[in-house]
> 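Got a structure for you, questions after.
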Amino acid sequence: MHKAIGLAEHGLFTTTPNPRVGCLLVREGKIVGQGWHEKAGEPHAEVMALRQAAGRARGATAYITLEPCNHIGKTGPCTEALIQAGVRAVVAAMEDPNPIVAGKGLARLREAGLDVRCGLLAEQAAALNPGFILRMTKGRPWVRAKTACSMDGRIALVNGASQWITSPEARADGHAFRARACAVVTGIGTVLQDDPLLNVRYVDTSRQPHRLVVDPRLMADPDARFFREPNAIVATTADLDHPIYREGIDRLAARGVTVLSVASQSGKPGDRLALHDLLRQLADLGMNEIHLEAGPALVGGFWSEGLIDEWLVYLAPIFLGQGMPPVSGLPELGSVEAARRWRLIGQDAVGDGLRIRLCRPEPALAP
């Protein structure tokens with residue numbers, strides 16, 4: 001199963017909106033087939049492994065990181081492929097949280113007489129797909145907030161300058177996390193001040209994530225670099241029928257930009273976005289993981305509404321003195337004990353600094 005999980009990781013950048021799944025076929029102690037799901041619409045991991053095994057699949061045991069599907073979608077049911085190939089036993093790491101599957105695949109295999117077990121390395125398998133699981137169970141994507149800061153906790157100087165706090169190695173590592181996301185999200189302040197691309201540049205990937213700017217009053221310039229590449233999205237609370245926005249919306253549409261109309265927190269057009277509504281809409285679009293790279297106000301908004309699931313912090317060996325904090329707008333605490341303590345799930349040296357990963361303090365998926 002460790003090997004199957006490693007196979008699933010090959011699809012880390014490419015499987016969205018589908019989960020990352022690996023499959024290993026073993027007969028008489030020898031691997032006879034292996035595969036992973038590469039891209040939505042293409043064969044699932046089980047089918048890839050069965051193709052490699054061919055006739056050797058008969059009598060084999062399949063180790064799969066996620067329950068096989070038992071329905072017809074863009075591909076046929078994997079349960080039937082396993083049964084027809086003569087696989088003797090199936091060991092699944094976890095049940096599929098998708099209500100369409102949710103135990104039905106395992107039941108079909110048992111009905112066909114296969115020896116079926118589930119739960120081996122379930123926690124490690126779940127960590128492959130935190131966003132898919134959260135979208136299927138809670139109706140929203142997993143939000144990973146990324147920040148690069150100095151030893152004294154500053155993300156930029158007082159004048160807003162922030163290039164480059166971290167090392168080239170840290171920036172490349174950050175782009176690898178961008179690549180696994182379905183969308184990179186930032187705020188209008190970042191777009192106006194830095195004119196960023198926010199695409200993936202330092203790692204090889206066949207799929208670029210969507211790039212979304214939170215822009216309540218539609219202040220973004222359609223000629224900004226952000227909109228010069230495909231898959232750009234604007235999320236706004238502005239009244240899209242108002243004539244003042246017509247020209248800008250038309251120019252964005254001409255560039256292929258998607259404009260999402262999102263509810264505002266106050267109910268008034270142009271006010272702050274209701275972030276729960278934004279995430280619900282992104283989940284409806286099939287987005288599993290959100291990579292949040294934004295200024296302190298927007299990050300603080302996600303934090304205040306309990307919508308950050310993971311922190312990705314790059315700590316650089318410098319001190320900036322006065323400057324911007326990574327988060328703003330948080331309530332004042334009366335005691336240190338009242339502060340939320342996050343769970344450390346990883347710390348690694350990257351370049352000349354440190355990458356720290358934190359997850360929600362309550363029991364949750366730890367990718």
Side-chain angles (χ1 to χ4, degrees), residues 131 140-150 153-166 170-171 173-175 177-201 209-221 224-227 229 231-237 257-258 260 262 264-265 271-279 281-282 287 289-316 320 323-330 342 356-358:
R140 73 165 180 86
W142 179 272
V143 177
R144 179 181 295 112
K146 179 259 183 182
T147 186
C149 61
S150 61
R154 305 299 176 183
I155 63 170
L157 298 176
V158 174
N159 63 9
S162 61
Q163 294 183 330
W164 296 101
I165 290 175
T166 56
R171 294 196 292 276
D173 191 75
H175 276 242
F177 279 93
R178 277 187 190 178
R180 69 171 65 183
C182 303
V184 180
V185 174
T186 195
I188 182 59
T190 300
V191 171
L192 292 176
Q193 178 169 321
D194 298 338
D195 196 20
L197 283 171
L198 282 185
N199 59 1
V200 176
R201 299 186 297 280
H210 288 81
R211 292 162 298 108
L212 183 149
V213 57
V214 173
D215 186 6
R217 291 178 286 171
L218 280 179
M219 298 169 61
D221 180 356
R225 294 204 306 161
F226 190 86
F227 302 118
E229 296 192 5
N231 300 328
I233 302 173
V234 175
T236 185
T237 61
V257 177
T258 299
L260 291 182
V262 181
S264 70
Q265 292 182 3
D271 281 358
R272 288 185 175 184
L273 272 73
L275 296 174
H276 283 277
D277 184 47
L278 172 63
L279 293 184
Q281 291 196 42
L282 295 182
M287 296 193 185
E289 295 181 20
I290 302 303
H291 185 85
L292 179 62
E293 286 195 41
L298 183 56
V299 174
F302 274 87
W303 190 96
S304 297
E305 294 194 35
L307 296 175
I308 295 179
D309 303 291
E310 178 185 350
W311 286 97
L312 180 65
V313 181
Y314 292 91
L315 194 60
L320 295 181
M324 289 186 189
V327 187
S328 66
L330 303 187
W342 292 69
I356 301 170
R357 296 179 69 190
L358 305 168

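Just the heavy atoms: all of them, side chains too, but no hydrogens, waters or symmetry mates, feed the values below. The shown structure was predicted, so the numbers you read here are calculated from the model rather than taken from an experiment.
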> Output the distance between atom OG (Ser150) and atom CD1 (Ile155), rounded to the nearest 0.5 Å.
10.0 Å
> Is a side-chain N or O of Thr236 found less than 3.5 angstrom from the main chain of Asp215, in a donor-acceptor match?
yes
> Do the side chain of Asp195 and the main chain of Arg225 share a donor and acceptor less than 3.5 angstrom apart?
yes
> Answer yes or no: is there a side-chain heavy-atom contact under 4.5 Å between Ser304 and Leu330?
yes
> Does the pair Glu289/Arg180 count as a salt bridge with the N-to-O cut at 4.0 Å?
no
> So, Arg201 side chain and His175 main chain: donor-acceptor pair closer than 3.5 Å or not?
no
> If you define the side chain from C-beta out and look only at heavy atoms, does anything of Cys149 sit under 4.5 Å from Val313?
yes
> Which of these passes side chain to side chain contact (heavy atoms under 4.5 Å, CB included) with Phe226: Thr190, Ile188, Leu198, Asp221?
Leu198
> Report the C-alpha distance between Asn199 and Arg211 in whole Å, list the side-chain angles of each, state the deciding distance to 0.1 Å, and finish with yes or no for side chain to side chain contact (heavy atoms under 4.5 Å, CB included).
CA-CA 7 Å; Asn199 59 1; Arg211 292 162 298 108; 4.1 Å; yes
> Please name the pair of heavy atoms, one in Ala235 and one in Leu273, separated by the smallest distance, quoted to 0.1 Å.
CB-CD2, 3.7 Å
> Treating Arg144 as the side-chain partner and Ala181 as the backbone partner, does any N or O pair qualify as donor plus acceptor under 3.5 Å?
no
> How far apart are the closest heavy atoms of Leu275 and Gly301, and which atoms are they?
CD1-C, 3.6 Å
> Between Arg154 and Gly323 (side chain of the first, backbone of the second, donor and acceptor by atom type, cut-off under 3.5 Å), is there such a pair?
yes
> Would you give the length of the straight line joining atom CZ of Phe227 to atom CD1 of Ile233, rounded to the nearest 0.5 angstrom?
10.5 Å
> Using atom types as modelled and distance alone, determine if a side-chain donor or acceptor of Thr186 lies under 3.5 Å from a backbone N or O of Val213.
no
> Would you check if the side chain of Arg140 reaches a backbone N or O of His276 as a donor-acceptor pair within less than 3.5 Å?
no
> Donor-acceptor pair, distance only, cut-off 3.5 Å: does the side chain of Arg178 make one with the backbone of His291?
no
> Any chance you could measure Leu212, atom CG, to Asn231, atom CG, to the nearest 0.5 Å?
11.5 Å
> Can you tell if the side chain of Ile290 reaches within under 4.5 Å of the side chain of Phe302, non-hydrogen atoms only?
no
> Treating Tyr314 as the side-chain partner and Gly174 as the backbone partner, does any N or O pair qualify as donor plus acceptor under 3.5 Å?
yes
> Roughly how far, to the nearest 0.5 Å, is the CG atom of Asp277 from the CD atom of Gln265?
11.0 Å
> Nearest 0.5 Å please: distance from the CZ atom of Arg357 over to the CZ atom of Phe177.
4.0 Å
> Kindly indicate whether the side chain of Leu279, heavy atoms from C-beta on, has any atom under 4.5 Å from the side chain of Leu307.
yes
> Give the minimum heavy-atom separation between Thr166 and Arg171, together with the two atoms involved.
O-NH1, 2.7 Å
> So which atom in Pro141 and which in Leu282 form the shortest heavy-atom distance, rounded to 0.1 Å?
CG-CB, 4.2 Å
> For Val262 and Ala274, which heavy atoms make the closest approach, and how far apart are they?
CG1-O, 3.7 Å
> Please report the shortest heavy-atom distance between Trp342 and Asp309, naming the atom on each side.
CZ3-O, 4.0 Å
